[in-house]
Every structure is written in C-alpha cells, then in structure tokens.
Amino acid sequence: MGSNLARNLASREGNTVAVYNRSRAKTDELLAAHPEAGFVPSFTYEEFAASLSVPRTAVIMVKAGAGTDAVIDELLTVFEPGDIIVDGGNALFTDTIRREKAVRSTGINFVGMGVSGGEEGALLGPSLMPGGSDEAWVTLGPILTSIAAVAEGEPCVTHVGHDGAGHFVKMVHNGIEYADMQLIAEAYDLIRRGTGKTPAEIADVFAQWNDGELDSYLIEITAEVLRQQDAATGTPLVDVIVDQAGAKGTGGWTVQTAIDLGVPVSGIAEAVFARSLSSHPEQRAVASDLPGPADELQVDGVDAFIEDVRLALFASKIVAYSQGFDEIRAGAAQYGWSIDLGAVAKIWRGGCIIRAQFLNRISDAYAEQPDLQVLLTAPYFVSALERAQDAWRRIVATAAAAGIPSPAFSSSLAYYDGLRADRLPAALIQGQRDFFGAHTYRRIDREGTFHTLWSGDRSEVAAEDTH
Ligand SMILES: NC(=O)c1ccc[n+]([C@@H]2O[C@H](COP(=O)([O-])OP(=O)(O)OC[C@H]3O[C@@H](n4cnc5c(N)ncnc54)[C@H](OP(=O)(O)O)[C@@H]3O)[C@@H](O)[C@H]2O)c1
C-alpha cells in the first residue's frame with residue numbers, strides 16, 4: 001500500500017517523494033523497480049526529515065498498532081512544530097484520538113487518514129478520509145486532492161473532521177463493505193441453490209444487475225470471480241475455494257463501536273458473524289447432520305425469483321448503509337466531530353471498495369435534509385423499499401423454509417420491520433426487567449418512572465429511574 005501510494009504521489013505534477021522503510025532492501029527494491037518515480041531514498045529518519053521541504057509531511061503506511069506508534073516516535077525525534085505526520089493505516093479511531101492528542105502537545109500535527117481502494121486504488125486513486133486539524137488540512141488538502149480518485153469530476157477526499165474522525169469513517173466504510181459482500185454472497189447462494197444455474201450463468205446475472213440500480217464495484221467483481229474457471233481442475237474457481245471467510249478486524253470494530261454507541265448495525269454484525277461461523281470448520285463438521293427441511297429449494301419461475309433476489313439485495317443494502325450512516329452520526333455526536341454525511345457519501349463514489357452509483361442517492365438525501373435522522377426514510381429510499389419489500393419478504397421466507405442461511409437478508413428485514421413498528425415487545429422486556437431487577441419502567445400515559453412491587457402486593461409506586 002505504501003509503495004503504491006508513494007508512486008501515485010510521485011506521478012503527480014510537481015511532486016518529489018522521499019521514501020523510507022525500516023528494511024533497507026525494500027527501499028532498494030522499490031527504487032530499482034520504479035526509476036520513473038524519481039524517489040529520494042532515505043535510510044535513517046534523520047536523512048528522511050532532512051530531505052523534506054518545510055512544513056514536512058510524512059505519510060505512514062505500516063501495519064496498524066505497535067508499528068504505527070514506533071514510527072511516530074521516531075518521526076517525533078526528527079520533525080519540528082508545524083510539520084505533519086499522517087497515518088494512512090487502518091488504525092482504530094480511539095488510538096488515533098490518543099496519538100493526535102499526544103503529538104499535538106509537541107506542536108506537530110497528526111492526521112489519522114482512512115485510505116480505501118486496496119493496492120490498485122492506492123496507485124491509481126484511492127478514496128481518502130483524513131481527520132486531524134484544520135491547520136494540517138491547509139497543507140494536506142491540495143496534496144491529497146491530487147492523488148485521490150475522481151468521481152463525476154469531484155475528488156474522493158474531504159476533511160472528515162478532527163482527530164479520529166477520518167479513521168472512524170473508514171472503519172464504518174469497512175463495516176458496510178462486510179455487509180455488502182455478505183448480502184451479495186447470500187444472493188448468489190439463493191440463486192445457485194434455487195435455480196441450479198452455474199457460477200458462470202450467475203456471473204451473467206450479476207453483470208446485468210451492474211447495469212441497473214445495483215451498479216457497484218462489488219457487484220462488478222462478483223461477476224468476475226464467478227466467471228473464473230480453475231485452471232487446475234477445469235471447474236469454477238468459486239467451487240474450489242475453501243468456504244471460510246477471513247477478516248482483518250475492522251468489521252468487528254464497527255460492531256463493537258456501534259454497541260458502545262447504542263446503534264443497531266445488525267446487517268453489519270450479521271456479516272461479521274457469518275464470516276466467524278464460516279471459519280469454524282470443527283463446529284460445522286459436528287453440526288452437519290442437524291435436521292433441516294425435507295425438500296430442497298426448487299423455484300418455478302426462475303426469472304421472477306432472480307428479480308425477487310435482486311430486490312431483496314437492494315433493500316437489504318439500503319438498510320446496511322442506513323445503519324452505517326447512523327453509526328457515523330452517533331459517533332460524530334459522541335466525539336464532537338462535525339461530519340458532513342453527504343460529503344462522506346460522495347467521497348465513497350470512487351476509489352474505494354464500496355463505490356457505487358447508489359451513493360449519489362445518499363448524498364442527495366443529506367443535501368435535501370442535512371438533519372435526516374434515519375437515512376432510509378429519505379423519499380428515494382422509501383419508494384425503493386416500497387417497490388422491494390414484497391419480494392424481500394418472499395425471499396427471506398423462502399430461504400427460511402428451504403433451510404438456506406440468509407442472516408444479512410433476514411436481519412435487515414427484521415430491522416426494517418422493527419423500525420417501522422408502532423409498538424415493540426420492548427414493553428414486555430421492561431416489565432421483565434422491573435420484575436427481576438427492579439429496573440423500573442416509564443408509562444405511556446403519564447410522566448415519571450415507576451416500579452411494580454412484584455414480591456409485595458403488586459401495586460405500582462413512583463421510583464427513581466435506574467434504566
Ligand atoms: N491492503 C489494503 O488493501 C489496505 C487498504 C487500506 C488500508 N490498509 C492499511 O495500510 C497499512 C499498510 O498496509 P499493507 O497492506 O501495505 O501492509 P503490509 O504489506 O503488511 O506492509 C506493512 C509495512 O509495515 C511495515 N512495518 C510493519 N511493522 C512495522 C514496525 N514495527 N515498524 C516499522 N514498520 C513496520 C513493514 O515494514 P517491512 O517491509 O520492513 O516489514 C511494511 O513496510 C495497514 O495499516 C493496512 O491496514 C491496507
């Protein structure tokens with residue numbers, strides 16, 4: 001990632017890029033492989049700092065964690081007040097808040113920056129999510145704008161907010177990516193098991209979907225992966241790949257943070273847990289004989305079924321994005337960041353893994369109503385959900401009846417129904433909590449907090465709110 005980002009920077013008019021890696025051989029390799037970049041190599045931090053013009057700007061691209069702290073510590077010994085240290089790794093936003101505070105005390109600027117787009121994005125134009133101070137943004141803005149992806153004429157970079165805001169938004173981006181990928185995988189599984197189509201035939205379905213409202217990078221690469229034949233066996237590649245999905249942790253962080261903030265990101269959580277379930281072969285082996293439905297799924301109208309799956313995917317995707325933006329809104333409120341949600345949607349339109357046409361609809365929604373409480377209640381999404389909901393229900397019901405796991409489809413639908421319910425069984429939960437723990441409850445018909453004397457005469461008394 002670091003070498004590609006450096007090559008991207010070097011390829012822009014007027015830039016000269018200094019490079020440093022703790023392993024000298026890596027630096028030598030990079031210089032030998034890319035003489036056209038005109039890199040200035042350094043083999044010590046002193047040399048690196050001396051080669052930069054002031055204010056110095058360094059972009060760290062190392063494995064997030066202790067490595068980031070180690071490199072920051074080294075840079076602090078050679079940088080001066082007013083210089084800028086950017087961490088482009090996938091740092092946990094709370095680490096970024098901590099680092100920003102510590103570095104700021106030296107007069108040096110620290111910017112945590114989310115970078116999305118994988119290695120190709122880093123080279124050709126990533127989506128960039130910098131946090132940090134306004135002062136740092138003055139210097140960094142033009143540099144980052146020059147290397148970011150461009151979507152519909154606009155650079156995919158914005159100053160997201162102060163200290164950890166950029167890494168927070170990148171974390172949620174990755175959480176949404178997990179949900180999007182899981183939903184696509186569920187759609188593939190249902191079509192395969194319901195229609196008997198081959199992966200190559202399903203690739204055609206995804207390629208066709210990519211011409212419509214689902215148009216996105218992830219749908220596009222799904223078609224590519226499904227079409228790929230394995231050279232060794234002559235069978236579809238997807239059939240020889242072990243069905244255990246890995247994870248680097250940012251999806252889990254999104255869910256853990258959402259739990260702390262009290263934001264239901266059930267679609268993202270199901271996607272994270274679906275990967276965990278897949279990666280326990282020992283548990284799956286002992287459970288494989290558990291009873292399931294007698295009949296396999298057999299679909300009558302193949303085209304109608306595929307259209308239902310498409311609509312279920314679109315509706316569930318709306319839920320995943322709505323939940324993700326809800327988490328960003330809650331994070332901004334909690335940490336005091338002023339985050340323009342419409343601008344975030346815009347910088348995800350290019351360069352990054354979740355780039356999609358659909359993000360224009362999200363930025364439109366926030367442009368029309370900046371204080372939108374729930375993204376999926378914006379008019380465009382309401383009409384999309386109205387169009388999709390019958391199909392969505394049919395698909396979730398069909399999957400359940402056929403014993404085909406569709407955790408993200410079904411949890412997204414449950415979230416949608418929970419959100420729109422006039423009354424939830426949470427009232428009963430409050431009653432249970434009051435019964436066993438005297439946790440109290442509020443009433444619909446008058447102000448105050450109450451407790452029923454369950455082990456006494458069961459009369460109701462006014463009480464202190466204990467949640
Ligand atoms: N891969 C992606 O698609 C992607 C996308 C967005 C963000 N990121 C983030 O970008 C960062 C770099 O990713 P990557 O894929 O390029 O990782 P990588 O290939 O594992 O590169 C790791 C780099 O970190 C250096 N490093 C590791 N520990 C270090 C330490 N203690 N002190 C100094 N340097 C250390 C390594 O140096 P040596 O060469 O000497 O080992 C190497 O240059 C990560 O934080 C990653 O999460 C990656």
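Every number for a ligand or one of its atoms is a count from 1 in the order of the listing.
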Notebook entry, point to check: Tell me the side chain to side chain donor-acceptor pair (under 3.5 Å) pairs involving residues 116-133, sequence neighbours left out?
Noted result: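 For residues 116-133: Asn109-Ser133, Ser116-His173.
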Hits for salt bridge (Lys or Arg N to Asp or Glu O under 4.0 Å) against Glu80, two or more places apart or cross-chain, chain-then-number order -> Arg56
Below 3.5 Å, can you tabulate the donor-acceptor pairs from side chains in residues 212-219 to any protein atom, sequence neighbours excluded?
residue	atom	partner	partner atom	Å
Glu213	OE1	Arg387	NH2	2.9
Glu213	OE2	Arg310	NH1	2.9
Glu213	OE2	Arg387	NH1	3.2
Ser216	OG	Leu214	O	3.1
Ser216	OG	Ile219	N	3.3

| Salt bridge present between Asp163 and Arg99 (N-O < 4.0 angstrom) | no
Smallest heavy-atom separation, Phe168 atom then Thr257 atom, equals CE1-CG2, 3.6 Å
The protein residues that pass the under-4.0 Å heavy-atom test against ligand 1 are Met1, Asn21, Arg22, Ser23, Lys26, Met61, Val62, Lys63, Ala64, Gly67, Val71, Gly89, Asn90, Val115, Gly118, Lys170
Exercise for the section: Please test Glu152 against Asn360 for side chain to side chain donor-acceptor pair (under 3.5 Å), starting from the C-alpha separation and ending with a verdict. Expected result: CA-CA 10 Å; Glu152 298 177 32; Asn360 276 317; 2.7 Å; yes
